[in-house]
2 protein chains.
Amino acid sequence: MAQSDTVDRILDAAEELFADRGFSETSLRMITSKAKVNLAAVNYHFGSKNALIHAVFARFLTPFSATLENAFDELEERCDGKPPTLNQTLWALTESAVRMPQRNEKGISIFMRLLGLAYTQSQGHLRKFLEQEYSEPFSRFMRLLKEATPQLSSVDRYWRIQFMLGATAFTMSSSDALRDILQNKLGVETTIQEIAARLVPFLAAGMQAEDAMLIPPVGSKVSVA
Amino acid sequence: MAQSDTVDRILDAAEELFADRGFSETSLRMITSKAKVNLAAVNYHFGSKNALIHAVFARFLTPFSATLENAFDELEERCDGKPPTLNQTLWALTESAVRMPQRNEKGISIFMRLLGLAYTQSQGHLRKFLEQEYSEPFSRFMRLLKEATPQLSSVDRYWRIQFMLGATAFTMSSSDALRDILQNKLGVETTIQEIAARLVPFLAAGMQAEDAMLIPPVGSKVSVA
DNA sequence: GTGCACTTCAAACGTATGTTTCAAACAGAC
DNA sequence: GTCTGTTTGAAACATACGTTTGAAGTGCAC
């Protein structure tokens with residue numbers, strides 16, 4: 001049994017279990033027994049549980065950030081000089097995610113859930129790792145967003161980006177559960193691509209909303225400064 | 001030392017620690033030492049750690065759901081017969097949240113973060129508890145949303161509600177950190193009311209977006225079914 | 001003051017965790 | 001075949017967890 005076999009089996013099992021249950025709620029014993037390898041194999045090959053978590057992210061994120069950089073390059077080239085629109089920028093991101101070669105059909109949604117967990121679970125080491133390793137495509141995406149919404153003040157744009165992040169991370173992090181609910185309630189099947197196709201126009205509309213609302217509607221009791 | 005003192009100190013400490021670190025990542029020993037009570041006090045007063053988690057939610061959610069019911073009553077009365085608009089419904093919700101009497105100035109944002117965690121961490125017992133205890137105001141809010149967006153299909157509405165939830169829970173759950181960043185970067189102070197005032201138009205715009213976007217913009221490579 | 005219900009306390013229990021250890025198995029070079 | 005570096009295996013380690021126990025302390029009615 002070659003090394004890579006054990007390593008990959010651990011990564012596969014860890015990825016799925018982390019996505020299902022979260023990081024702290026998944027023990028090394030669950031991972032190694034699902035992967036059918038010895039308990040000590042994780043510490044032997046990765047060093048620690050935290051390092052295993054990083055490896056799970058790196059296996060997806062490293063090729064993804066390369067794909068994303070290419071997509072941004074292509075987009076900027078196609079727009080030669082002019083800044084890409086908000087829709088173009090958002091689509092470049094979602095398409096890069098959707099087009100990533102998948103290990104299996106659940107690959108994307110598993111990974112989206114992991115990204116959502118990374119944001120919501122306060123795993124300090126993980127956030128630090130992600131910031132160190134993948135700051136460049138993130139900064140570039142932020143710059144594109146800025147150029148695509150020149151009408152927004154810095155403060156407005158800042159908050160609306162947070163809103164977008166929230167809607168995305170939250171939805172993706174529970175997309176399996178949400179899909180199941182929808183399946184049971186309305187009998188509708190949904191793919192991750194369809195979710196993305198619904199999410200992008202929602203985000204774009206919110207991002208470009210006119211805020212005629214800083215004063216609450218007539219009849220309400222509280223004046224919002 | 002009266003009972004209520006110990007109970008409240010435990011609830012205060014638990015609320016803050018859960019919000020900071022998540023449920024599984026917070027041990028009873030952390031809680032009791034922060035609250036300066038004996039370790040056994042939690043099991044004595046609440047029965048178990050899960051029951052403590054429920055109590056933390058109930059302390060906020062019970063008065064809040066009463067306030068919210070009143071706000072909805074008032075709103076529907078004011079609209080006599082006609083369904084309230086989306087903006088009115090969203091404002092009724094946010095105002096009820098903002099107007100809740102707070103134990104301290106961080107009360108709201110702490111609780112928003114807890115709600116976000118409840119959704120993302122797969123704590124089965126918690127979801128079951130919340131569904132059993134607070135299904136009524138939740139269903140009512142959903143009904144109001146439905147009446148305020150008759151143009152949306154059930155599926156569209158379902159997903160957009162998830163997007164709204166996500167943007168709200170995520171933003172509110174990290175609003176302290178986000179406010180700090182904004183303060184340092186741009187030197188701007190922000191209150192929770194102002195965040196709500198920015199969030200509501202974002203949500204309303206997203207909710208009412210025309211989805212002319214189910215086919216990606218010209219020039220993109222992937223057709224999304 | 002005595003009795004009684006309620007509350008606190010220190011200590012222990014059983015279990016699960018991440019990690020380490022060290023011998024056994026293995027693979028490839030010579 | 002023998003040696004060498006790498007990988008696996010079963011077992012143990014130390015630690016942390018939620019929970020339970022039983023004694024000590026507390027406030028109040030009588």
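Excluded from the calculations below are hydrogen atoms, water molecules and symmetry mates; all remaining heavy atoms, backbone and side chain alike, are included.
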*Asks:* Does A:Ser96 have any side chain to side chain donor-acceptor pair (under 3.5 Å) partners at least two apart in sequence or in another chain, and if so, which?
*Replies:*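 For A:Ser96, no residue satisfies side chain to side chain donor-acceptor pair (under 3.5 Å) once neighbours in sequence are set aside.
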*Asks:* Compare all side-chain heavy atoms of B:Leu61 with those of B:Glu133 and state whether any distance is below 4.5 angstrom.
*Replies:*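 The answer is no; the side chains never approach within 4.5 Å.
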*Asks:* Using whole Å, what does the distance between atom C1' of nucleotide D:dG18 and atom CD of A:Glu25 come to?
*Replies:*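 Those two atoms, CD and C1', are 15 Å apart.
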*Asks:* Nearest whole Å is fine: how far is C:dT15 P from A:Leu28 CG?
*Replies:* 21 Å
*Asks:* Measure NZ/B:Lys49 against P/D:dA16 and give the value in whole Å, please.
*Replies:* 15 Å
*Asks:* Between B:Ser27 and D:dC17, is there a side-chain N or O to OP1/OP2 distance below 4.0 Å?
*Replies:*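 Indeed, a polar side-chain atom of B:Ser27 lies that close.
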*Asks:* Starting at CG of A:Leu52 and ending at P of C:dT17, how long is that distance when rounded to a whole Å?
*Replies:*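 Whole-Å distance recorded here is 15 Å.
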*Asks:* Would you indicate what A:Thr32 reaches in the nucleic acid, counting non-hydrogen atoms under 4.0 angstrom: base, sugar-phosphate, or nothing?
*Replies:* nothing
*Asks:* Indicate, with a heavy-atom threshold strictly under 4.0 Å, whether B:Ser24 touches base, sugar-phosphate, or nothing.
*Replies:*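 Here B:Ser24 touches no strand at all.
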*Asks:* Nearest whole angstrom, please: distance from the P of C:dT19 to the CZ of A:Phe46.
*Replies:*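 A:Phe46 atom CZ is separated from C:dT19 atom P by 13 Å.
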*Asks:* In this structure, are over 12 heavy atoms from other groups packed under 6.0 Å from A:Glu136 atom CD?
*Replies:* no
*Asks:* Tell me, for nucleotides 9-14 of chain D in 5' to 3' order, what letter each nucleotide earns: B for a base near a protein heavy atom under 4.0 Å, S for only sugar-phosphate near one, - for neither?
*Replies:* BB-B--
*Asks:* When the distance from OH of B:Tyr44 to P of D:dG22 is rounded to whole Å, what number comes out?
*Replies:* 16 Å
*Asks:* Closer than 4.0 Å, any side-chain N/O of B:His45 to the OP1 or OP2 of C:dT8?
*Replies:* yes
*Asks:* Which nucleotide wins on minimum distance to the side chain of B:Met30, given the candidates C:dT8, D:dC17, D:dT20?
*Replies:*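 Closest of the options to the side chain of B:Met30: D:dC17.
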*Asks:* Would you sort out whether B:Glu25 and A:Ser24 count as a side-chain hydrogen bond (donor to acceptor under 3.5 Å, both in side chains), showing the intermediate values?
*Replies:* CA-CA 7 Å; B:Glu25 293 82 357; A:Ser24 331; 2.5 Å; yes
*Asks:* Between D:dT7 atom P and A:Arg9 atom CZ, what is the distance in whole Å?
*Replies:* 15 Å
*Asks:* Under 30°, 30 to 60°, or over 60°: which ring-plane class applies to A:Phe111 and A:Phe57, parallel, tilted or perpendicular?
*Replies:* perpendicular
*Asks:* May I ask you to decide if the ring planes of A:Phe129 and A:His54 are parallel, tilted or perpendicular, using 30° and 60° as cut-offs?
*Replies:*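 Geometry flag for A:His54 against A:Phe129: parallel rings.
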*Asks:* Between D:dT6 atom C1' and A:Asp5 atom CG, what is the distance in whole Å?
*Replies:* 16 Å
*Asks:* Applying side-chain contact (heavy atoms from CB on, under 4.5 Å), name anything that partners A:Pro84, two or more places apart in sequence or on another chain.
*Replies:*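 Partners of A:Pro84 under the side-chain contact (heavy atoms from CB on, under 4.5 Å) test: A:Leu75, A:Glu76, A:Cys79, A:Gln88, A:Thr89, A:Leu144.
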*Asks:* Does A:Thr6 have a side-chain nitrogen or oxygen under 4.0 Å from the phosphate oxygens OP1 or OP2 of D:dT8?
*Replies:* yes
